[in-house]
Number of protein chains: 2
Amino acid sequence: MSADTKIQILDAAETLFSEHGFGDTSLRTITSEAKVNLASVNYHFGSKKQLIQEVLQRYLSVFMPAVDDELSRLLHKHPSPDVGQVFSCLVEPLLSLSQVRPDGTAIFVRLLGRGYSESQGHLRKYITFHYGEVLRRFVHAVHLAVPKLSPAEIFWRLHFAIGTFVFTMASSKALSEIALADYHQDVTVQGIIARLMPYISAGVGAQVAETSVNPLLDIA
Amino acid sequence: MSADTKIQILDAAETLFSEHGFGDTSLRTITSEAKVNLASVNYHFGSKKQLIQEVLQRYLSVFMPAVDDELSRLLHKHPSPDVGQVFSCLVEPLLSLSQVRPDGTAIFVRLLGRGYSESQGHLRKYITFHYGEVLRRFVHAVHLAVPKLSPAEIFWRLHFAIGTFVFTMASSKALSEIALADYHQDVTVQGIIARLMPYISAGVGAQVAETSVNPLLDIA
DNA sequence: AACCAATTCAAACGATAGTTTGAAATGTAT
DNA sequence: ATACATTTCAAACTATCGTTTGAATTGGTT
């Protein structure tokens with residue numbers, strides 16, 4: 001059947017993309033891993049670029065609405081949430097991705113990271129275009145939680161948070177190995193997320209520096 | 001002269017690598033930008049892989065000793081520093097890179113980000129092998145600042161901090177454009193670093209979560 | 001069973017990658 | 001000025017990439 005081939009390609013592609021990046025994963029590697037013919041990628045998806053989009057879309061279409069639901073629930077229950085609660089709205093949607101696909105959580109976040117750093121802004125535009133409303137709601141929730149932050153400051157801190165998250169998951173394989181070897185920690189995706197939440201919450205909610213420690217910085 | 005060719009290659013390569021990544025920057029692009037012959041890369045550096053190493057080494061050899069000096073100075077003056085002071089030890093060494101090379105700070109951090117995410121752990125091993133002592137001193141300083149954190153927790157939080165930093169600088173071009181368009185902010189590397197410090201300091205110094213908000217996390 | 005559309009397949013295409021080669025040019029020391 | 005080592009250069013080599021092609025195969029419909 002045709003649906004099988006498409007899905008096998010998507011399944012193989014997402015893993016390889018998340019581990020080696022889009023540019024360093026060839027269609028030949030994907031199709032041989034998926035046990036399908038090389039030409040079937042162009043037949044079913046048109047091009048490699050469109051394949052990448054569909055790989056991301058498969059996750060975004062599940063993740064984004066789920067975040068939207070969590071935000072609705074939170075704001076209905078707590079009209080004045082704290083930072084931790086707002087970011088907790090990402091936890092369930094993220095973990096639910098592992099039910100859709102084995103290791104889906106890590107794969108998705110790694111794909112996000114690849115997309116952000118390898119596609120020179122294409123992914124960002126794609127997301128803001130298709131899911132702008134959810135993003136605005138999230139930003140608004142952060143504003144409710146930390147009203148002292150200016151919109152510009154929220155913008156920066158959210159991207160700091162994305163960076164923390166995305167980079168950690170991108171390196172999670174290596175980090176997990178080190179944690180196991182050096183600290184005898186058996187690390188799961190959930191465990192990493194649990195460790196990330198306090199860091200991100202504290203970071204986003206931090207006091208803004210009025211005068212910098214370093215006088216050099218004031219030129220900026 | 002031969003030294004000129006080597007330096008011109010390094011100068012062109014570091015910019016292109018930092019902007020487009022190692023894999024997506026061809027030797028032909030580098031040599032045409034550097035106005036030297038294609039074959040001179042292999043003549044002077046042996047291979048593309050070794051060129052990448054030398055590009056990174058040129059910055060690490062300046063940055064790492066500088067951090068070491070800053071740490072010595074800080075711990076001599078303040079045997080019990082706070083988190084902000086420890087991370088401030090990175091600021092001067094980073095900014096000094098812009099004196100070595102125009103925009104050197106941003107280039108270096110972007111290279112770091114590329115190296116971490118594109119070389120599947122090679123860069124991490126390279127750094128810990130060649131500059132392990134500096135890293136240990138930095139971890140020790142963090143421990144002095146936040147003694148409540150276990151070694152394992154410090155390990156994780158430092159990598160969270162690296163992620164924040166490296167991802168932000170990797171995306172700094174796009175972020176700066178948005179900040180200019182949406183918030184009329186003229187952004188400099190120093191400005192970004194200044195905004196990063198409170199976030200990272202608060203994140204690293206955050207209280208450890210004893211019981212997670214989400215019961216699902218406890219399985220981890 | 002015959003027909004047609006959808007899919008698969010092996011093969012080749014054009015473009016680009018890193019690297020190698022051997023001659024030409026340049027610099028240096030006697 | 002001669003001889004030698006270093007460096008540059010144009011060109012070619014090998015490998016791999018995404019994509020296209022046209023025939024073979026499959027699946028469903030009448």
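Naming convention: chains lettered A, B, ... in sequence-line order (proteins, then strands); numbering from 1 in each chain.
Distance A:K35 NZ to C:dC9 P: 13 Å, rounded to the nearest Å. For the pair A:N37 CG and C:dT8 C1', the computed distance is 6 Å after rounding to whole Å. Taking atom CG of B:D24 as the reference point, atom P of C:dG18 lies 10 Å away to the nearest angstrom. When rounded to the nearest whole Å, the span between CD1 of B:I30 and C1' of C:dA17 equals 12 Å.
At D:dT7, none of the side-chain N or O atoms of B:T5 fall inside 4.0 Å of OP1 or OP2 (strictly under the cut-off). Within the 4.0 Å cut-off from OP1 or OP2 of D:dT8, at least one side-chain nitrogen or oxygen of B:H44 is found.
Ring geometry for A:Y116 versus B:F167: interplanar angle of 30 to 60°, hence tilted.
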Reading nucleotides 12-26 of chain D from the 5' end, what letters show protein touch, with B for base, S for backbone sugar-phosphate only, - for no heavy atom under 4.0 Å?
-> B----BBBBB-----
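Shown here are the side-chain hydrogen bond (donor to acceptor under 3.5 Å, both in side chains) partners of B:R110, two or more places apart in sequence or in another chain: B:S172. Applying the side-chain hydrogen bond (donor to acceptor under 3.5 Å, both in side chains) criterion to A:T128, with sequence neighbours excluded, gives no partner residue.
In this structure, B:F87 has its ring center under 6.0 Å from that of B:F138. Between B:Y126 and B:H130, a ring centre-to-centre spacing shorter than 6.0 Å is recorded.
Within the structure, every pair that satisfies the salt bridge (Lys or Arg N to Asp or Glu O under 4.0 Å) test and touches residues 120-133 of chain A, not counting sequence neighbours, is listed here: A:E133-A:R136. Residue pairs meeting the salt bridge (Lys or Arg N to Asp or Glu O under 4.0 Å) criterion with at least one member in residues 7-26 of chain B, sequence neighbours excluded, are B:D11-B:R58, B:D11-B:R101, B:E14-B:R58, B:E14-B:R101, B:E19-B:K173.
Listed by residue number, the members of residues 10-20 of chain A with any heavy atom below 4.0 angstrom from DNA chain C form an empty set.
Counted by atom type alone, B:T164 and A:Y199 present one or more donor-acceptor pairs between their side chains at under 3.5 Å.
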